[in-house]
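To start, the structure itself, in structure tokens.
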Amino acid sequence: MKKAMASIATGLTSTIKLNDGVIMPLFGLGSYLSESGQGGQAERAVTHALSKGYKLIDTAEFYGNEADVGRGIRNGGMKREDVFVVTKLWENGYNRCKKIFNKSLKMLDIGYVDLYLIHSPSSGKCVETYKAMLELKQEGLVRSVGVSNFGVQHLEGLRKAGLPTPSVNQIELHPWQQKTEIVDYCRKNGITVMGYSPLTKGQKLLDKTLLEIAKRHNKSTAQILIRWSVGQGFITIPKSSDPGRIEQNADVFSWSLDQNDVETLNGVPDWSCTWNPCKSPWKG
Ligand SMILES: NC(=O)c1ccc[n+]([C@@H]2O[C@H](COP(=O)([O-])OP(=O)(O)OC[C@H]3O[C@@H](n4cnc5c(N)ncnc54)[C@H](OP(=O)(O)O)[C@@H]3O)[C@@H](O)[C@H]2O)c1
């Protein structure tokens with residue numbers, strides 16, 4: 001098995017080679033709660049982000065905005081191969097995966113999906129779902145297959161079932177949710193780590209410690225959090241549907257945090273801004 005090395009993004013065009021050889025951008029746009037609708041928020045956010053150099057867009061069946069993301073990409077007028085699109089399957093199951101993937105692809109209307117993820121292991125049926133995803137990859141409809149919200153027990157479950165190692169595990173990652181056991185396991189086993197909710201869904205942006213660091217660097221607290229993720233070598237996908245914030249969030253490559261700042265952020269207590277299916281039992 002090829003090992004995926006942790007890589008630090010030095011700009012919007014930085015990439016990493018996944019364990020199956022696919023090249024993936026290290027920085028991108030999240031789209032959860034970006035509103036759907038012709039010419040609406042999600043579509044405009046995607047087009048704007050691509051016009052500002054973003055190369056990676058994260059969506060999901062669950063978000064209900066795949067059609068918007070697809071329109072946003074087509075409006076952007078970029079070559080298909082210059083945009084990396086991630087989508088996810090919500091409820092697991094072999095037949096469901098095949099059926100829902102076709103629906104997702106139709107809505108995205110971009111020919112193929114770059115990375116297809118099992119959204120969560122908590123409902124079980126991961127082995128059969130993963131097999132269906134691998135078939136989609138063989139058919140050339142998906143370039144790379146991975147998982148999201150998988151804990152070590154789930155990753156081990158796939159390994160023990162004799163399945164190829166996922167190329168990516170997308171998990172909640174920010175200073176208050178460092179998931180070191182999962183990150184270490186992924187890195188040892190060639191699974192690229194992709195962080196979600198890097199801005200804590202906005203919930204910690206007024207944190208006192210964070211505000212002090214932001215003031216010292218003359219940056220926003222959102223930028224400090226994104227820079228922390230970048231410095232950890234995580235693929236990161238801050239969500240914004242505001243043009244100014246989309247630009248601000250990408251302005252994290254011409255400066256860096258001091259070692260002291262990183263140590264301070266690494267020392268904040270454990271806290272999560274959302275669900276945590278990583279802790280659910282392995283159900284096969
Ligand atoms: N696999 C999973 O289970 C999972 C779970 C959660 C998220 N995700 C993915 O990860 C992406 C990012 O996570 P997230 O959406 O949960 O949260 P997030 O990126 O941590 O935070 C998004 C929130 O921060 C605000 N924001 C963005 N930039 C800002 C800035 N510069 N200053 C102040 N506020 C700012 C956004 O509002 P505005 O839009 O108004 O700027 C939004 O309310 C998602 O969109 C989704 O693609 C995956």
Side-chain angles (χ1 to χ4, degrees), residues 25-36 40-46 48-49 52 54 56-66 68-69 72 84-92 104 108 114-123 146-151 154 166 168-177 179 182 192-207 210-211 214 217-230 234-252 271-280:
L26 283 162
F27 181 87
L29 181 75
S31 70
Y32 182 44
L33 298 182
S34 247
E35 282 164 24
S36 186
Q41 218 179 49
E43 180 181 328
R44 283 185 279 116
V46 168
H48 187 70
K52 295 296 169 189
Y54 283 60
L56 161 64
I57 310 290
D58 183 82
T59 182
E61 174 203 356
F62 180 72
Y63 305 166
N65 60 17
E66 288 166 308
D68 309 85
V69 166
F84 192 103
V85 180
V86 183
T87 193
K88 319 180 192 83
L89 177 77
W90 184 238
E91 260 177 54
N92 296 337
S104 288
L108 281 162
D114 293 280
L115 175 63
Y116 198 31
L117 305 178
I118 296 182
H119 206 139
S120 159
S122 53
S123 64
V147 295
S148 177
N149 296 299
F150 270 45
H154 309 115
V168 168
N169 188 16
Q170 185 185 110
I171 50 179
E172 180 187 348
L173 287 172
H174 46 71
W176 294 268
Q177 195 58 213
K179 291 192 160 61
I182 302 175
T192 294
V193 180
M194 181 174 186
Y196 71 69
S197 302
L199 305 177
T200 67
K201 294 187 181 289
Q203 294 174 42
K204 287 278 190 192
L205 294 182
L206 295 178
D207 176 84
L210 194 55
L211 281 166
H217 287 270
N218 198 21
K219 301 289 173 196
S220 72
T221 50
Q223 286 173 307
I224 300 295
L225 288 180
I226 298 167
R227 184 63 228 185
W228 178 88
S229 280
V230 165
F234 303 142
I235 295 181
T236 192
I237 45 167
K239 176 265 172 184
S240 181
S241 33
D242 175 82
R245 289 194 284 274
I246 287 171
E247 290 168 43
Q248 181 197 119
N249 294 348
D251 181 14
V252 293
W271 166 88
S272 164
C273 65
T274 180
W275 64 339
N276 196 352
C278 293
K279 290 192 169 156
S280 65

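Both counts, for ligands and for their atoms, begin at 1 and track the order of listing.
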> Counting heavy atoms only, which part of Pro277 comes closer than 4.0 Å to ligand 1: side chain, backbone, both or neither?
Replying inline: neither
>> What protein heavy atom lies closest to atom 30 (C) of ligand 1? Include the residue and the distance to one decimal.
In response: Arg245 CD, 3.2 Å
> Can you list the ligand 1 atoms lying under 4.0 Å from a non-hydrogen atom of Ala222?
Replying inline: 30 (C), 31 (N), 32 (N)
>> Just checking Glu35: does its CD atom have more than 12 heavy atoms from other residues, nucleotides or ligands closer to it than 6.0 angstrom?
In response: no
> Heavy atoms, side chains only, cut-off 4.5 Å: are Tyr54 and Ile246 in contact?
Replying inline: yes
> Can you find an N or O of Ser220 that's nearer than 3.5 Å to an N or O of ligand 1?
Replying inline: no
>> Using every non-hydrogen atom in the two residues, find where Val147 and Leu117 come nearest and quote the distance to one decimal.
In response: N-CD2, 3.5 Å
> If we only count heavy atoms from C-beta on, is the Glu247 to His48 side-chain gap below 4.5 Å?
Replying inline: yes
> So, do Val86 and Met194 sit near enough that their side-chain heavy atoms are less than 4.5 Å apart?
Replying inline: yes
> So, is Leu199 polar-close to ligand 1, with some N/O to N/O distance under 3.5 Å?
Replying inline: yes
> Which one holds for Ser241 and ligand 1: side chain close, backbone close, both close, or neither close, with close meaning a heavy atom under 4.0 Å?
Replying inline: both
> Does any non-hydrogen side-chain atom of Val46 lie less than 4.5 Å from one of Asp68?
Replying inline: no
> Considering only heavy atoms from C-beta outward, does the side chain of Val193 approach that of Asn169 to under 4.5 Å?
Replying inline: no
> Between Asp58 and Lys88, is a salt bridge (Lys or Arg N to Asp or Glu O under 4.0 Å) present by the stated rule, with each step listed?
Replying inline: CA-CA 9 Å; Asp58 183 82; Lys88 319 180 192 83; 2.6 Å; yes
> Hey, does the side chain of Asn249 reach the backbone of Ser240 with a donor-acceptor pair shorter than 3.5 angstrom?
Replying inline: no
> Side chain of His154, backbone of Ser280: donor and acceptor closer than 3.5 Å?
Replying inline: yes
>> Quick check on contacts: which atoms of ligand 1 are under 4.0 angstrom from a heavy atom of Trp275?
In response: 3 (O)
> Counting only heavy atoms, which portion of Ser197 has something under 4.0 Å from ligand 1: side chain, backbone, both, or neither?
Replying inline: both
> Does an N or O from Lys88, backbone or side chain, lie closer than 3.5 Å to an N or O of ligand 1?
Replying inline: no
> Just which atoms of ligand 1 are under 4.0 Å from any heavy atom in Pro238?
Replying inline: 19 (O)
>> On a heavy-atom basis, I'd like to know which of His174, Glu35, Glu172, Lys201 is closest to atom 23 (C) of ligand 1.
In response: Lys201
> For atom 46 (C) of ligand 1, which candidate among Trp90, Tyr196, Tyr63, Phe62 holds the nearest heavy atom?
Replying inline: Tyr63
>> If I take atom CH2 from residue Trp228 and atom CG from residue Leu210, how far apart are they, to the nearest 0.5 angstrom?
In response: 11.5 Å
>> Counting only nitrogen or oxygen atoms and a 3.5 angstrom limit, does Asp242 reach ligand 1?
In response: no
>> To the nearest 0.5 Å, what is the distance between OH on Tyr196 and CD on Gln170?
In response: 7.5 Å
> Tell me, which protein residue and heavy-atom name are nearest atom 3 (O) of ligand 1, and how many Å apart are they?
Replying inline: Asn149 ND2, 2.9 Å
> With a cut-off of 4.0 Å, which atoms of ligand 1 are near a heavy atom of Leu205?
Replying inline: 33 (C), 34 (N)
> Can you list the ligand 1 atoms lying under 4.0 Å from a non-hydrogen atom of His119?
Replying inline: 1 (N), 2 (C), 3 (O)
> Among all protein non-hydrogen atoms, which one is nearest to atom 44 (C) of ligand 1, and what is the separation to 0.1 Å?
Replying inline: Tyr32 CB, 3.6 Å
>> Looking only at protein heavy atoms, which one is nearest to atom 28 (N) of ligand 1, and what is the separation?
In response: Asn249 ND2, 2.9 Å
> Can you tell me which residue and heavy atom of the protein come closest to atom 27 (C) of ligand 1, and the distance to 0.1 Å?
Replying inline: Lys239 O, 3.0 Å
>> Looking at ligand 1, is there an atom of it that comes within less than 4.0 Å of some heavy atom belonging to Ile237?
In response: yes
> Is Trp275 close to Ser120 at the side-chain level, that is, under 4.5 Å between some pair of heavy atoms?
Replying inline: yes
> What's the shortest distance from atom 47 (O) of ligand 1 to any protein heavy atom, and which residue and atom give it?
Replying inline: Asp58 OD2, 2.6 Å
